[in-house]
Amino acid sequence: MKAVRIHEFGGPEVLGYEDLPAPEPGAGEVLVKIAAAGVNFIDIYHRIGLYQQPLPMTLGVEGAGTVQAVGSGVTEFRPGDPVAFSGPSGADATYTVVPAAKLVPVPAGLDLSLAAAALLQGMTAHFLTHSTYPLKPGHTAFIHAAAGGVGLLLVQAAKKLGATVIGTTSTEEKAQLVREAGADHVILYTQTDFEAETKRLTGGQGVDVVYDSVGKTTFEKSLNVLRMRGMLVLFGQSSGKVPPIDPLTLNAKGSLFLTRPTVFHYTATREELLWRSSDIFNWLATGELKVRIDHQLPLAEAAEAHRLLESRQTAGKLLLIP
Ligand code: NDP
């Protein structure tokens with residue numbers, strides 16, 4: 001089988017397209033034939049070593065496909081079942097082995113590419129809006145990189161819960177997609193000072209919550225656009241790592257809350273994983289949630305997918321097809 005592997009950390013050129021023996025499922029594991037693997041910013045963090053994993057490593061933390069075989073003790077899945085997963089690495093391959101506890105069923109009739117495109121980023125939008133800062137009508141949510149893979153889903157999830165949404169993005173083309181996703185206001189943060197504009201839009205009050213995945217270049221102003229006792233949810237660092245901060249800053253800027261969550265801690269139990277994944281798949285099936293697939297590339301072109309994602313050229317999801 002084929003797999004996208006790294007033997008050292010570095011740029012997209014370290015991604016190798018290699019032949020490996022197909023894995024076999026052990027006890028409690030399931031062998032999945034991958035139909036589509038989702039590309040996520042975490043793949044870049046793995047490749048550059050920001051999140052260090054043992055090497056060599058097969059990349060890809062999200063995929064959907066069909067069960068080929070199950071290991072001993074697996075009762076929930078059978079060969080032929082459509083399934084998806086996010087978390088365990090190894091999705092950028094023809095086959096991968098996934099612990100049954102991390103696998104979720106894909107409803108009959110839902111396209112496997114859509115399932116791969118929506119699972120990780122959809123569950124991220126879900127936990128951010130339902131659990132980290134549960135949104136209600138009357139709340140104003142501020143979303144950075146709103147045209148991104150997570151961003152477009154986050155805007156839709158926030159609107160579904162009745163919040164007013166202010167989104168940021170870099171170009172007018174992307175801004176149009178953010179508006180179509182339902183955002184009330186869009187700020188081109190590459191051209192307009194988003195702090196001044198948000199204060200103007202909120203009559204000086206500030207917003208209830210900022211969902212910030214951009215990190216280094218936005219963090220400080222993200223604190224400044226919050227209302228008193230608002231929450232900054234820092235959930236990524238697409239522009240680079242945020243430097244350490246003094247806790248007194250949170251006091252000085254209005255008794256603010258700061259959290260740095262990950263989807264893996266919000267899908268840690270089987271119950272929570274099935275709750276979030278089934279909500280996402282149901283919303284896709286009913287059309288309540290739309291996922292935009294920006295590029296679909298052959299698995300052999302994983303390096304190109306990484307280049308596109310890190311150079312800000314994409315809006316929505318990137319998929320790799322084995
Ligand atoms: P995106 O599709 O959002 O791509 C990143 C976007 O960030 C770019 O398109 C760009 O949008 C914006 N951006 C701003 N500055 C930069 C920069 N210097 N370099 C690159 N991009 C920049 O990616 P994903 O949807 O895969 O992920 C979004 C973020 O969410 C990532 O930081 C990721 O780590 C995080 N994440 C966190 C999770 C968690 O559990 N905590 C789970 C999933 C994702 P624009 O052109 O509009 O500025």
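The residues of the chain are indexed from 1 along the displayed sequence. First listed ligand is number 1; within each ligand, the first listed atom is number 1.
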Item to check | Candidate with minimal heavy-atom separation from atom 45 (P) of ligand 1, of Gly151, Ser170, Ser239 | outcome: Ser170

Checklist entry - Is any N or O atom of Gly149, backbone or side chain, closer than 3.5 Å to an N or O atom of ligand 1? => result yes

Checklist entry - Under 4.0 angstrom from ligand 1, any heavy atom of Lys216? => result no

Checklist entry - Considering only the protein, which heavy-atom contact is closest to atom 32 (O) of ligand 1, and what is its distance? => result Ser238 OG, 2.8 Å

Checklist entry - Based purely on interatomic distance, does Thr169 place a nitrogen or oxygen under 3.5 Å from a nitrogen or oxygen of ligand 1? => result yes

Next on the checklist: With side chain to side chain contact (heavy atoms under 4.5 Å, CB included) as the criterion, how do Ile187 and Leu201 come out once you've worked through the C-alpha distance, each side chain's angles and the decisive distance to 0.1 Å?
Outcome noted: CA-CA 10 Å; Ile187 302 172; Leu201 287 169; 4.3 Å; yes

Checklist entry - Do Gln313 and His295 pass the side chain to side chain donor-acceptor pair (under 3.5 Å) test, and can you show the C-alpha distance, the side-chain angles, and the key distance before you say yes or no? => result CA-CA 10 Å; Gln313 289 180 53; His295 269 80; over 6 Å; no

Checklist entry - Between Tyr51 and Asp43, is any pair of side-chain heavy atoms under 4.5 Å apart? => result no

Checklist entry - Where is the nearest protein heavy atom to atom 6 (C) of ligand 1: which residue, which atom, and how far? => result Ala145 CB, 4.1 Å

Checklist entry - So do Phe142 and Leu232 actually touch side chain to side chain, heavy atoms under 4.5 Å? => result no

Item to check | Pair Thr286-Glu288, side-chain donor/acceptor within less than 3.5 Å | outcome: yes

Checklist entry - Any N or O on Phe235 sitting closer than 3.5 Å to an N or O of ligand 1? => result yes

Next on the checklist: Considering non-hydrogen atoms of the protein only, which is the closest contact for atom 42 (C) of ligand 1, and what is the distance?
Outcome noted: Thr124 OG1, 3.2 Å

Item to check | Ligand-side contact atoms (ligand 1) for residue partner Val214, heavy atom cut-off under 4.0 Å | outcome: 14 (C), 15 (N)

Item to check | Protein contact to atom 40 (O) of ligand 1 [nearest heavy atom, distance to 0.1 Å] | outcome: Val263 N, 2.6 Å

Checklist entry - Going by heavy atoms in the side chains, are Thr96 and Ser89 under 4.5 Å from each other? => result no

Item to check | Lys317 with Asp294: basic N within carboxylate O range, under 4.0 Å | outcome: no

Checklist entry - Does an N or O anywhere in Arg312 fall below 3.5 Å from an N or O of ligand 1? => result yes

Checklist entry - Is the closest heavy-atom distance from Thr314 to ligand 1 below 4.0 Å? => result yes

Item to check | Ser222 and His144: side chain donor to acceptor below 3.5 Å | outcome: yes

Item to check | Leu15 side chain near Ile6 side chain, heavy-atom distance below 4.5 Å | outcome: yes

Checklist entry - Would you call Thr262 a ligand 1 contact, heavy-atom distance under 4.0 Å? => result yes

Checklist entry - What atoms of ligand 1 come within less than 4.0 Å of a heavy atom belonging to Gln237? => result 32 (O)

Checklist outcome for this item: atom 9 (O) of ligand 1: of Lys174, His265, Arg260, Gln313, the nearest heavy atom sits on Lys174

Item to check | Ion pair check, Glu172 and Arg179, cut-off under 4.0 Å | outcome: yes

Item to check | Taking atom 48 (O) of ligand 1 as the reference point, the nearest protein heavy atom with its distance | outcome: Tyr189 OH, 2.4 Å

Item to check | ligand 1 to Leu120 polar contact by distance, N or O atoms, under 3.5 Å | outcome: no

Next on the checklist: Checking contacts here: is it the side chain or the backbone of Tyr45 that comes within 4.0 Å of ligand 1, counting heavy atoms only? Could be both or neither.
Outcome noted: side chain

Checklist entry - Do Phe41 and Val150 have side-chain heavy atoms sitting under 4.5 Å apart? => result no

Checklist entry - Short N/O distance, under 3.5 Å, between Phe264 and ligand 1? => result no

Checklist outcome for this item: The closest protein heavy-atom partner of atom 25 (O) of ligand 1 is Val150 N, 2.9 Å

Checklist outcome for this item: atom 24 (P) of ligand 1 sits nearest the protein heavy atom Gln121 NE2, 3.6 Å

Next on the checklist: Any nitrogen or oxygen of Ser213 lying under 3.5 Å from a nitrogen or oxygen in ligand 1? Just yes or no.
Outcome noted: yes

Checklist outcome for this item: ligand 1 atoms nearer than 4.0 angstrom to some heavy atom of Glu310 are 19 (N), 20 (C)

Next on the checklist: In this structure, does ligand 1 have an atom that sits under 4.0 Å from one of the heavy atoms of Tyr266?
Outcome noted: no

Next on the checklist: The test is side chain to side chain contact (heavy atoms under 4.5 Å, CB included); show your working for Val225 and Thr202 and say whether it passes.
Outcome noted: CA-CA 9 Å; Val225 301; Thr202 59; over 6 Å; no

Checklist entry - Nearest protein heavy atom to atom 33 (C) of ligand 1, by residue and atom, and its distance? => result Phe41 CB, 3.6 Å

Checklist entry - Is there a nitrogen or oxygen of Thr168 sitting under 3.5 Å from a nitrogen or oxygen of ligand 1? => result no

Checklist entry - Linking I/L/V/M/F/W/Y whenever any side-chain heavy atoms sit under 4.5 Å apart, do Leu320 and Val98 land together? => result no

Checklist entry - Does Asp184 reach the main-chain N or O of Ile166 with its side chain, forming a donor-acceptor pair under 3.5 Å? => result no

Next on the checklist: Determine whether the aromatic ring centres of residues Phe257 and Tyr133 are separated by less than 6.0 angstrom.
Outcome noted: no

Item to check | Any donor-acceptor N/O pair, Asp111 side chain to Ser113 backbone, under 3.5 Å | outcome: yes

Checklist outcome for this item: Quick look: His144 vs ligand 1, heavy-atom contacts under 4.0 Å, and the answer is neither

Checklist entry - Knowing that exactly one of Lys290, Arg292, Gln121, Met123 qualifies, which makes a side chain to side chain contact (heavy atoms under 4.5 Å, CB included) with Leu153? => result Gln121

Next on the checklist: Quick check on Pro261 - does any of its heavy atoms sit under 4.0 Å from an atom of ligand 1?
Outcome noted: yes

Next on the checklist: Can you tell me which portion of Leu309 lies within the under-4.0 Å heavy-atom range of ligand 1? Options are side chain, backbone, both, or neither.
Outcome noted: side chain

